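Sequence positions, counted from 1, serve as the residue numbers for this chain. These numbers come from the heavy atoms of this one structure, side chains and all, not from hydrogens, waters or symmetry mates. Since we're looking at a predicted model, the values are computed, not measured.
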Amino acid sequence: MRTGSAVQYDRYGGFDVVELVTQEQPKPGPGEVVVEVSVAGLNHIERFLREGRLQDHVDLEFPAHQGVDFAGVVRARGTEVRDLHVGDEVMGHAPHGGAHATWVTVPRGAVVKKPSTMTFEVAGSLYLAGCTALSVVRSLKLGPQDTVVISAAAGGVGHIECQLAHEAGATVIGLGSPRNHDALRQIGTLPVAYGDGEADRIREIADGRPITAFIDNRDEGENAALAESLGAPEKRFVSSEDRRDLEIRFLRAPGDDQEAIEMLTTLGDLVQRHKVQFIISGYYPFEYIVDAYEDLAEMHSRGKVVVGMQPVETGARLHWYKSEKSRDLRDPVSSGTPARPEAQ
C-alpha cells in the first residue's frame, strides 16, 4: 500500500507543534471521494485556530489535521458516488481539515470539477479566501453608483474583493503598501498608501465621489473611525470581525453546503473567464509547510501562499522554490524600508 504524509498537531501552539506524520492511502466511505492532493492553500484563520485563538468559536479535537483548501485528482470513490470518476481533477474544501496531506477524504458535495484551464495552484487555494470575499461583496450589493474603500487590498481576501467590487461596477479604492500599488492598479483598483493623511488621500483620489461602503480586512481598530470620517454609512461597513465570522462559517462548512459549492463554482467561472486574477505570491514544497506558514505569518504576502505536494524540482534543488519567489527581489522589508502588513 502506498504511504504519504499529513500535517497533524496534538495541542494548541505555534509552528513547534506542527508535525508531518505518515499517512496510508485511505478508503472512501459511501458518498465520499479520496483525492490525491496536488496543491493546498494556507490561511491565517487556520493558524489562529492552531494557536488557540478561536476556542470560543470552533471546537477542535486532537489530534487535529490542518488545511481546508485543496485541488487534486480523484483516486477512489464511494459506492454512492456516480458523477465523479477516478482520474477526475477536482477542487474543494475539507470540512474537518486535513487538506495538508498527500490524500484527503471528503464528502462528494465538498468538491467540484476543476475548470480545465485553471492551474492547480489557483484551484487549490481558491475556496476559503474566494468564498469569504464573494460573501462580503454580495452583502453590500455594490453597483456603478458606489465607491468602496477596501483595506489590506492586496491580501488574499482583499485582492479578490477588489476585483469582485470592480466587476459589480463600483469604483474601488484600495489601501495598501506602496510596493503593492502597481498590482492593485492592474486589477482596476485605485491605490492609496496607509498612514498619516490617508483620509485626505482617499478623498482626493475619490475626486468628489461619496464613499458609500468600506471593507476592513485589518484588525487594528482604527478603520471604523476612518470609515466614519469618510462618511461611509455604518450599515455598509464590513468589519474585520464580520470577515472572521464568515471565514469560520466557510472553514467548517459541511460537505452538503449548497451555498459554499455555488460560490466556489461561481469563482471558478470568474477566474476561467479572466474576470478575477488570482495572485499566488509563495509556492512551497509540502515538506516546507512550516516555512510557508512562517512566510504567511509575516503578513506581507500579496495574494495567497500555497504548498505543492508533488513539485517538479526534487532533491538538492528544492530550495529553488524558496529562493526564487517573485516578491523576494522587491520586498522593501528586506532592504530596511518599512511596509504595512497585508492581511490574507
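- In this structure the side chain of Val307 never reaches within 4.5 angstrom of the side chain of Tyr283, judged on heavy atoms.
- Checked options Leu128, Val112, Leu134; the residue passing with Leu264 is Val112 (criterion: side chain to side chain contact (heavy atoms under 4.5 Å, CB included)).
- Looking only at side-chain heavy atoms (C-beta outward), Asn180 and Ser177 come within less than 4.5 Å of each other.
- Among pairs with a residue in residues 111-164, those fulfilling ring-ring contact (aromatic ring centres under 6.0 Å, His included) read His93-Tyr127, His159-Phe278, at least two apart in sequence or across chains.
- Sequence neighbours left out, the pairs with a member in residues 146-167 that pass salt bridge (charged side-chain N to carboxylate O under 4.0 Å, His left out) are Asp146-Arg236.
- Counting heavy-atom neighbours within 6.0 Å of Glu262 CD, excluding the residue itself, gives a total above 12.
- Among residue pairs with one or both ends in residues 89-103, those qualifying as salt bridge (charged side-chain N to carboxylate O under 4.0 Å, His left out) are Glu89-Lys114; sequence neighbours excluded.
- Gln272 and Thr117 are linked by a side-chain donor-acceptor pair at a separation below 3.5 angstrom, with hydrogens and angles left out of the test.
- By the criterion of side-chain heavy atoms lying less than 4.5 angstrom apart, applied directly or through intervening Ile, Leu, Val, Met, Phe, Trp or Tyr residues, Met91 is grouped together with Val276 in one hydrophobic cluster.
- In terms of heavy-atom proximity, Val192 sits nearest to Arg201 at CG1-CB, 3.8 Å.
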Just distance, no hydrogens or angles: give the donor-acceptor pairs under 3.5 Å from side chains in residues 6-19, sequence neighbours left out.
{"from": "Gln8", "atom 1": "OE1", "to": "His65", "atom 2": "NE2", "distance (Å)": "3.3"}
{"from": "Asp16", "atom 1": "OD1", "to": "Gly14", "atom 2": "N", "distance (Å)": "3.4"}

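- With sequence neighbours excluded, the residues that form a ring pair (Phe, Tyr, Trp, His ring centres under 6.0 Å) with Phe214 are Phe237.
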Mind listing the side-chain donor-acceptor pairs of residues 249-256 below 3.5 Å, one per line with the distance, residues two or more places apart or on another chain?
{"from": "Arg249", "atom 1": "NH1", "to": "Asp257", "atom 2": "OD2", "distance (Å)": "2.7"}
{"from": "Arg249", "atom 1": "NH2", "to": "Asp257", "atom 2": "OD1", "distance (Å)": "3.2"}
{"from": "Arg249", "atom 1": "NH2", "to": "Asp257", "atom 2": "OD2", "distance (Å)": "3.1"}
{"from": "Arg249", "atom 1": "NH2", "to": "Glu259", "atom 2": "OE1", "distance (Å)": "2.6"}

Kindly indicate, with the supporting measurements, whether the criterion side-chain hydrogen bond (donor to acceptor under 3.5 Å, both in side chains) is fulfilled by Ser125 and Asp69.
CA-CA 5 Å; Ser125 56; Asp69 306 323; over 6 Å; no
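- Within the 4.5 Å cutoff, the side chain of Val34 has no heavy atoms near those of the Val74 side chain.
- Under the 3.5 Å distance criterion, the side-chain polar atoms of Ser229 are matched with a main-chain donor or acceptor of Leu226.
- Residues Asp242 and Ser239 bring a donor and an acceptor atom of their side chains to less than 3.5 Å of each other.
- One finds no salt bridge joining Arg50 and Glu46 here, because no Lys/Arg side-chain nitrogen approaches an Asp/Glu carboxylate oxygen to under 4.0 Å.
- With Thr102 as the fixed residue, the side chain to side chain contact (heavy atoms under 4.5 Å, CB included) test singles out one of Met309, Glu24, Gln23: Gln23.
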